[in-house]
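What follows is a set of notes on a single structure, which appears directly below.
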Amino acid sequence: MMKYGVAVIGAGPAGIIAAGRAAQCGARVALIEKNAQLGRKLLLTGKGRCNITQAEYDMSRFVAAFGKNGKFLYYALNRFGVEDTVKFFQQRGLAIKLERGNRLFPASGLAMDVLHILTEFLSETGVRILKNNTVKRLVKNERQIKSIKLSSTELTADKYIVCTGGLSYPTTGSAGDGFLWAESLGHKLIQHQPALVPLIIKEKWVKELQGLSLKNVNISVYQNNKKQTERFGEALFTHQGMSGPIILDMSKTIGKLLKQPVELRIDFKPALEYKQLDDRIRRDIQENRCKMFKNSLDRLLPQKLIPIIIRLSGIEPDKKTGNLTKKERKRLLQLLKQFTLHIKKLDSFEKAVITAGGIPLKEINPQTMRSRIIDNLYFAGEIIDLDGPTGGYNLQLCWSTGYLAGESAAYCK
Ligand SMILES: Cc1cc2nc3c(=O)[nH]c(=O)nc-3n(C[C@H](O)[C@H](O)[C@H](O)COP(=O)(O)OP(=O)(O)OC[C@H]3O[C@@H](n4cnc5c(N)ncnc54)[C@H](O)[C@@H]3O)c2cc1C
């Protein structure tokens, strides 16, 4: 049976950093990956460009983005924070550029370049990589993992780090195996659900808007006529509903509300108050008195949206704009400020950027990432019950928790 100091399961961003760091600290390390290729999901990140991290150097603001549980990350960020991540890649020759929303990307625009540097880190530190190897089971003896069963062999180590990710984009290899093992070892999982996930909308006609991208809109989430949350920014219509940064960022909150009906209300003109927009519509009407209603909206709205707005307004499309009644004008105003859609459900794990839930934070020591249930077991990355917004937060979680888990596993008795 092969024997190691540290065995890391899962070669995503968390597992790669954990393995390299443990080896840097002197451990004999094996990194086990079921795929033939390392970091398959990493290659998809940022639409193939990899938003490596978020240029938020203020730690309290960084952790606040993860909600009330974010403070769990203080120790990990202290060991390996945003600045360390940037240095790690730059020192290995990766030029990094800052984009809108404090997002940091490789200047080349290629996630492959990030993966290349991580792979070099593994060979530089002497990590033994076991690709095409699926871990089937962790064998326990009281409060210790004794060995792990792979497809065709067994492996033993002093310490084990589980970095198998969540359940999102399962075709990349992240199929939730780590959750099952953790549960069988005595961890009480926080129910997982897709997060940073598109929405499926009840109104079938959203299909006609597929591909329409909205900039500078405000979208509010309502339940029982009460606003629950809102965001300003970019969104996108898909063939079944809505996606885009502000939708993804609200999806977790929406998921929790969905036991009862939930509405989205889109304000297409958030820079204008009702009265200002009404004045503008009246001005447009004055200037276009003789135009048909259906031909009078192109200064107000994107082309794709016009037929839908006309239909929902109930206004006769061929009616002369000058003949619109006050009631019709108000209806148009309402559609521009509160375009309402009803949410059917969240899209599936197949489309979710991240998995919320997982190993409860109270069952992991934040100073070491060690399990509080099994003495020689550590967790890092998406498998733990923490998820951040879009913008590089989730990869930073992997770099920070992976690094800390790697060095703790190598050093801790
Ligand atoms: C489309 C998309 C775009 C994204 N873009 C960004 C972005 O730009 N910036 C950002 O911060 N975050 C982004 N994310 C989120 C980010 O990719 C994840 O947070 C991150 O990949 C999680 O890393 P991980 O190492 O925890 O797990 P994963 O990356 O999921 O890696 C887990 C690994 O474990 C392996 N594994 C699983 N089970 C076994 C087993 N039984 N035996 C052996 N190996 C196993 C898997 O094959 C996999 O390689 C994106 C996610 C998606 C889906």
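In listed order, ligands and their atoms are each counted from 1. Every heavy atom of this structure was used, including side-chain atoms; hydrogens, water molecules and symmetry mates were not.
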Could you identify the single nearest non-hydrogen protein atom to [atom] and state the distance to 0.1 Å?
{"atom": "atom 10 (C) of ligand 1", "result": "Leu395 CG, 3.4 Å"}
{"atom": "atom 39 (C) of ligand 1", "result": "Lys34 CE, 3.5 Å"}
{"atom": "atom 31 (O) of ligand 1", "result": "Gly12 CA, 3.4 Å"}
{"atom": "atom 17 (O) of ligand 1", "result": "Thr45 CG2, 3.2 Å"}
{"atom": "atom 53 (C) of ligand 1", "result": "Tyr169 CD1, 3.3 Å"}
{"atom": "atom 9 (N) of ligand 1", "result": "Asn51 O, 3.1 Å"}
{"atom": "atom 14 (N) of ligand 1", "result": "Val353 CG1, 3.7 Å"}
{"atom": "atom 25 (O) of ligand 1", "result": "Ala14 N, 3.0 Å"}

For Pro106 and Lys97, work out which heavy atoms get closest and say how close.
-> O-CE, 4.0 Å

Using heavy atoms and a threshold below 4.0 Å, how should the contact between [X] and ligand 1 be classified: side chain, backbone, both, or neither?
{"X": "Ile354", "result": "side chain"}
{"X": "Trp181", "result": "side chain"}
{"X": "Val135", "result": "both"}
{"X": "Leu42", "result": "neither"}

Under 3.5 Å: N/O of [X] near N/O of ligand 1:
{"X": "Glu382", "result": "yes"}
{"X": "Gly46", "result": "yes"}
{"X": "Gln396", "result": "no"}

Parallel, tilted or perpendicular for Phe80 and Tyr403, by the 30°/60° rule?
-> parallel

Between Phe339 and Trp205, how do the two ring planes meet: parallel, tilted or perpendicular, split at 30° and 60°?
-> perpendicular

Would [X] count as a contact residue for ligand 1, given that I'm defining contact as a non-hydrogen atom of the residue lying under 4.0 Å from a ligand atom?
{"X": "Arg40", "answer": "no"}
{"X": "Ile383", "answer": "no"}
{"X": "Cys163", "answer": "yes"}
{"X": "Trp399", "answer": "no"}

Check ion pair [X]-[Y] (N to O, under 4.0 angstrom):
{"X": "Asp84", "Y": "Arg79", "result": "no"}
{"X": "Asp249", "Y": "Arg231", "result": "no"}
{"X": "Asp177", "Y": "Lys136", "result": "no"}
{"X": "Asp279", "Y": "Lys275", "result": "yes"}
{"X": "Glu120", "Y": "Arg92", "result": "no"}

Quick one: list whatever passes side-chain hydrogen bond (donor to acceptor under 3.5 Å, both in side chains) with Ser348, sequence neighbours left out.
-> Glu350

Do Arg21 and Gln24 have side-chain N/O donor and acceptor atoms under 3.5 Å apart?
-> yes

Do you see a donor-acceptor pair shorter than 3.5 Å between the side chains of Asn394 and Glu382?
-> no

As an exercise, identify every atom of ligand 1 less than 4.0 angstrom from a heavy atom of [X].
{"X": "Thr172", "value": "47 (O)"}
{"X": "Gly165", "value": "26 (O), 27 (O), 30 (O), 32 (C)"}
{"X": "Gly381", "value": "26 (O)"}
{"X": "Thr134", "value": "41 (N), 42 (N)"}

To the nearest 0.5 angstrom, please state how far the CD1 atom of Ile308 sits from the CD atom of Glu203.
-> 10.0 Å

Kindly indicate, with the supporting measurements, whether the criterion side-chain contact (heavy atoms from CB on, under 4.5 Å) is fulfilled by Arg103 and Thr390.
-> CA-CA 9 Å; Arg103 291 158 197 247; Thr390 55; 3.6 Å; yes

Where the closest heavy atom to atom 28 (P) of ligand 1 is concerned, which of Ser151, Ser174, Gly392 has it?
-> Ser174

Tyr169 meets the ring-ring contact (aromatic ring centres under 6.0 Å, His included) criterion, sequence neighbours left out, with none

